[in-house]
Amino acid sequence: MLPRKPLLAVLALTLLGGTAQAADEVVVYSSRIDELIKPVFDAYTAKTGTQIKFITDKEAPLMQRIKAEGENGVADLLLTVDAGNLWQAEQMGILQPIKSDIIDKNIPPQYRASSHDWTGLSLRARTIIYSTERVKPEELSTYEALADKQWEGRLCLRTAKKVYNQSLTATMIETHGEAKTEQIIKGWVNNLSTDVFSDDNAVIQAIAAGQCDVGVVNTYYYGRLHNQNPQLPVKIFWPNQGDRGVHVNLSGIGLTKHAPHPEAAKKLVEWMTGEQAQKLFADINQEFPANPKVKPSDEVAAWGSFKADSIPVEVAGKRQAEAIRLMDRAGWN
């Protein structure tokens with residue numbers, strides 16, 4: 001029989017060895033579908049040997065699952081879309097700060113939480129699209145101008161229940177104040193050609209079909225439909241280039257409060273903000289890299305360059321509740 005002290009030492013080494021082995025794995029809860037994230041995780045595994053396990057679902061169930069699991073949680077990271085969702089996760093207390101000079105160097109501060117609880121990975125512009133058959137680009141100017149009489153019966157929008165529109169409205173409140181923003185949103189509602197749609201694809205298709213002439217969508221929806229039909233009679237317009245710029249949001253990632261492998265998870269996030277991963281992730285998603293050193297794909301670049309709104313995206317979360325109430329008052333359902 002081994003003496004007591006050596007036996008304890010053997011047990012300690014065994015436990016340490018088990019911990020080290022477990023750290024070669026990272027678990028991600030993701031609201032992005034498998035095909036948009038698996039190639040990125042596979043590239044990281046090939047580079048480092050670290051295995052990435054991921055579970056995909058809608059953002060709300062994933063956040064509730066992390067909260068319910070508590071200290072027994074298995075997820076190391078939450079990957080989701082829109083700063084509004086990341087803000088909600090932060091407010092639920094299910095994330096913890098990632099302090100990293102690498103992340104801070106790679107991602108501009110307006111695309112990260114001031115608390116360091118999450119960081120952006122890729123950017124999407126929520127911009128104006130228009131019919132190339134019935135609208136001249138010089139007729140367009142700003143988001144606000146879509147409330148003008150000129151567009152009465154010609155505008156299509158997605159439902160206000162989607163966080164993308166809530167975030168756009170939240171940043172408008174930050175810029176204009178509540179009263180002016182409500183006036184603008186009421187103008188949009190008055191100009192609708194039909195009931196709101198359930199998704200951005202439907203807005204684009206409605207414009208192509210002649211049901212309306214202008215709309216507001218995330219750029220990657222346009223990219224996917226344009227890939228399927230290069231003759232799509234719809235184009236992108238970058239609004240507000242004379243003032244604050246185009247509304248930009250993101251997909252991002254945060255470290256869970258009870259992450260079993262925090263250091264391994266941190267290394268993954270640092271890599272995902274670097275140039276190799278940024279190029280891969282943005283190209284697959286038809287989005288813009290959050291790292292300004294990385295150029296977008298040729299297809300995304302073909303949409304043209306634009307000035308982006310410099311408002312920190314976390315404003316979308318801070319003013320989300322105000323935005324939802326305002327949209328409800330304005331009749332945007």
Side-chain angles (χ1 to χ4, degrees), residues 28 30-33 36-41 43-44 52 59 77-90 95 97-127 163-164 167-168 170-171 218-223 236 238 244-255 265-301 303-318:
V28 182
S30 170
S31 69
R32 307 219 71 172
I33 60 176
L36 300 181
I37 56 173
K38 189 176 185 300
V40 181
F41 293 153
Y44 185 72
I52 311 297
E59 55 270 3
L77 296 164
L78 172 67
L79 172 61
T80 189
V81 294
D82 203 281
N85 289 326
L86 290 161
W87 169 263
Q88 286 297 324
E90 184 180 343
L95 301 179
I98 306 180
K99 297 293 182 66
S100 167
D101 292 339
I102 295 173
I103 296 172
D104 291 352
K105 181 180 178 182
N106 286 339
I107 307 297
Q110 66 265 33
Y111 303 135
R112 293 184 272 111
S114 56
S115 64
H116 297 277
D117 273 11
W118 50 265
T119 182
L121 294 176
S122 60
L123 308 178
R124 67 275 298 277
R126 188 155 191 80
T127 193
V163 70
Y164 304 153
S167 294
L168 172 60
T171 57
N218 281 351
T219 44
Y220 59 88
Y221 286 98
Y222 170 83
I236 284 173
W238 304 122
R244 72 180 187 278
V246 175
H247 171 68
V248 169
N249 212 303
L250 49 78
S251 66
I253 197 164
L255 179 66
K266 177 182 174 181
K267 288 178 182 177
L268 172 59
V269 177
E270 288 175 337
W271 179 80
M272 290 184 77
T273 64
E275 294 187 27
Q276 177 190 354
Q278 282 283 290
K279 180 67 175 171
L280 179 60
F281 190 66
D283 286 3
I284 292 169
N285 290 276
Q286 291 190 300
E287 294 178 315
F288 300 89
N291 185 331
K293 295 178 183 176
V294 182
K295 293 181 180 180
S297 68
D298 291 343
E299 181 180 357
V300 172
W303 302 339
S305 59
F306 61 91
K307 177 180 134 182
D309 195 336
S310 61
I311 290 176
V313 293
E314 67 180 356
V315 164
K318 290 179 178 178

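Only this structure's heavy atoms are used, side chains among them; waters, hydrogens and symmetry mates stay out. Position 1 is the first residue of the sequence, and the numbers go up from there.
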**Asked** Looking only at atom types and distance, does a side-chain atom of Asn249 sit under 3.5 Å from a main-chain N or O of Ala83, one as donor and one as acceptor?
**Response** yes
**Message:** Main chain of Ala113, side chain of Trp87: is a donor-acceptor contact present, judged purely on distance under 3.5 Å?
**Reply:** no
**Complete:** Tested for side-chain hydrogen bond (donor to acceptor under 3.5 Å, both in side chains) against Arg112, the lone hit among Asp104, Thr273, Asn106, Thr119 is Asp104
**Request:** Check the surroundings of atom NZ in Lys295: do more than 12 heavy atoms from other residues, nucleotides or ligands lie under 6.0 Å from it?
**Result:** no
**Asked** Between Glu270 (side chain) and Ser100 (backbone), is there a donor-acceptor pair under 3.5 Å?
**Response** no
**Item:** Interatomic spacing from CG in Asn285 to CG in Leu123 - rounded to 0.5 Å
**Value:** 11.5 Å
**Asked** Is there a side-chain contact between Tyr44 and Lys267, using heavy atoms and a 4.5 Å cut-off?
**Response** yes
**Prompt:** Has the side chain of Asn291 got a donor or acceptor atom that lies under 3.5 Å from a matching backbone atom of Gly274?
**Reply:** no
**Asked** Given the side-chain rings of Phe306 and Phe288, with only the six-membered ring counted for Trp, is the space between their centroids under 6.0 Å?
**Response** yes
**Asked** Taking NZ, NE, NH1 and NH2 as the nitrogens, is one of them in Lys105 or Asp101 under 4.0 Å from a carboxylate oxygen of the other?
**Response** no
**CG on Asp309 to OG1 on Thr171, rounded to 0.5 Å** = 6.0 Å
**Message:** Main chain of Gly84, side chain of Asp82: is a donor-acceptor contact present, judged purely on distance under 3.5 Å?
**Reply:** yes
